[in-house]
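The block underneath contains the structure these notes are about, expressed in structure tokens.
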2 protein chains.
Amino acid sequence: MSTGSRRQRWDAARNHDQVLAAARDLFSTRGLATDVREIATLAGVGVATLYRHFPTKDDLVRAAVADDLAEWWALTRRAAAEEDAWSGLCAFVEQTLATMARHRAVLDGVMAPAAAPAAFEACHTHLRAELDGLVRRAHQQGTLRPEVSAADVSLLVLALGQVVRHTAESPDAWRRHTHLVLDGLHVRAARR
Amino acid sequence: MSTGSRRQRWDAARNHDQVLAAARDLFSTRGLATDVREIATLAGVGVATLYRHFPTKDDLVRAAVADDLAEWWALTRRAAAEEDAWSGLCAFVEQTLATMARHRAVLDGVMAPAAAPAAFEACHTHLRAELDGLVRRAHQQGTLRPEVSAADVSLLVLALGQVVRHTAESPDAWRRHTHLVLDGLHVRAARR
DNA sequence: GCGTATCCGGAACGAATGATCCGGAACAAG
DNA sequence: CTTGTTCCGGATCATTCGTTCCGGATACGC
């Protein structure tokens, strides 16, 4: 975890890691609005030290969520590759929301209309890109209602993020709600 | 519109009305985060005057949204009284979202988890109360999928509020999306 | 141990924003 | 017009939060 760059003091590297750990902790439980001072305090460090390692709060956010975003994207890529596009779509949505539920900063960053830090620039693009193929395949397989576009699903994810925010303490609640809504977009054998 | 209280200077009453009008304007277009100074400026008045008439920003918000909330509640009550519970439910949701789309402060106030000003205290309660009856009747009439509870619809409204926020410029977009999702909760003749 | 380059921590800055103060202007009564 | 009450407006306070500064402490090479 410590930076491999040469010529750095031992305690500096330790502080870097402690700040990063504290940032991950607070950002994931309290969201993007977390005060930088709190992070520094939890890390047992002064604000200046924090800023020495991460010149901007945005940099800190980026570093704190990088792993989670990477993991999220890996999960969604896997979901998008599923043979059955419908179950892939469900997995995609559920894993996206699970990521948001686990890491409130991701929730904040993805859901914020425009005030989102640069750390989340690529998220919407990524979302749309993966969804495009998945939705197309689901339409081909006839398991997704034909009026539903990729943009619709993308919006739906943001909308369900709001559900996650209001039921953060019980994962079952948002999961149930998500399945309820997704089920409404499903074309079952019983219909038609 | 001017306060009926006796013994008030005419310019004070005029200022009261101008502040209220400015507040309505900016709160509805920019949301709750609007700076109080902007409102005062638009009203052609100093901040102190604003605070003289509305001792707190929260009071100002309350006054600015009171009519809209009343109108919203009237609309939803009417929707809740419809014979066909399903179309009543759809009207309920759509009118709620239309209110939020028209008045961003209402959107902010209702969607905010806990930071909502006191002006929106009763909203969730009201929402739930009206939805309870509506959902029960829809279940009796067999037009709403049986797993869907009033709490689900309540959450759904908040979720769709996020859609409104992301498609604020085009009312068609959120309306279409809303119908898409609602349609998924509908029990049609074709199913079962 | 000692000197030096590196790093640290808390105070302080600057901007945003809700709220208050006070000298003076505007209105109403006679 | 005079006078006294009411009201006004901009400066100001207080708080929050991202960010920077600087005197002092610390680790590392010898």
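Nothing here was measured: the structure is a model prediction, and the numbers come from that model.
Rounded to an integer number of Å, the gap from CD1 of Ile39(A) to C1' of dC17(D) is 12 Å. The separation between Leu26(A) atom CG and dG18(D) atom C1' is 16 Å, rounded to whole Å. Straight-line distance from the CD atom of Gln8(B) to the P atom of dA26(C): 19 Å, rounded to whole Å. Between Leu50(A) atom CG and dA11(C) atom C1' the separation is 17 Å, expressed in whole Å. Regarding Phe54(A), its CZ atom lies at a distance of 15 Å from the P atom of dT20(D), rounded to whole Å.
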In residues 121-131 of chain A, what donor-acceptor pairs under 3.5 Å come from side-chain atoms, sequence neighbours left out?
residue   : atom : partner   : partner atom : Å
His124(A) : NE2  : Val110(A) : O            : 3.1
His126(A) : NE2  : Thr76(A)  : OG1          : 3.3

Identify every side-chain donor-acceptor pair in residues 77-85 of chain A under 3.5 Å, counting partners at least two apart or on other chains, and give the distances.
residue  : atom : partner  : partner atom : Å
Glu82(A) : OE1  : Ser87(A) : OG           : 2.7
Asp84(A) : OD1  : Trp86(A) : N            : 3.1

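For the side-chain hydrogen bond (donor to acceptor under 3.5 Å, both in side chains) test, residues two or more places apart in sequence or in another chain that qualify with Asp152(A) are Ser149(A), Arg176(B). Every side-chain contact (heavy atoms from CB on, under 4.5 Å) that Arg104(B) has, sequence neighbours left out, goes to Arg165(B), Ala168(B). Here Ala159(B) pairs with Ala159(A), Val163(A) under the side-chain contact (heavy atoms from CB on, under 4.5 Å) rule; sequence neighbours left out.
Between the Arg145(A) side chain and the Gly184(A) main chain, a donor and an acceptor come within less than 3.5 Å of each other.
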Practice task
Using a 4.0 Å heavy-atom cut-off, write out nucleotides 15-24 of chain C from 5' to 3' as B (base contacted by protein), S (sugar-phosphate only) or - (no contact).
Solution key: --BBBBB---
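Taking side-chain N and O atoms only, Asn15(B) has a distance below 4.0 Å to OP1 or OP2 of dC8(D).
Both His53(A) and Trp10(B) lie near DNA chain C, and the one whose nearest nucleotide falls closer to the 5' end is His53(A).
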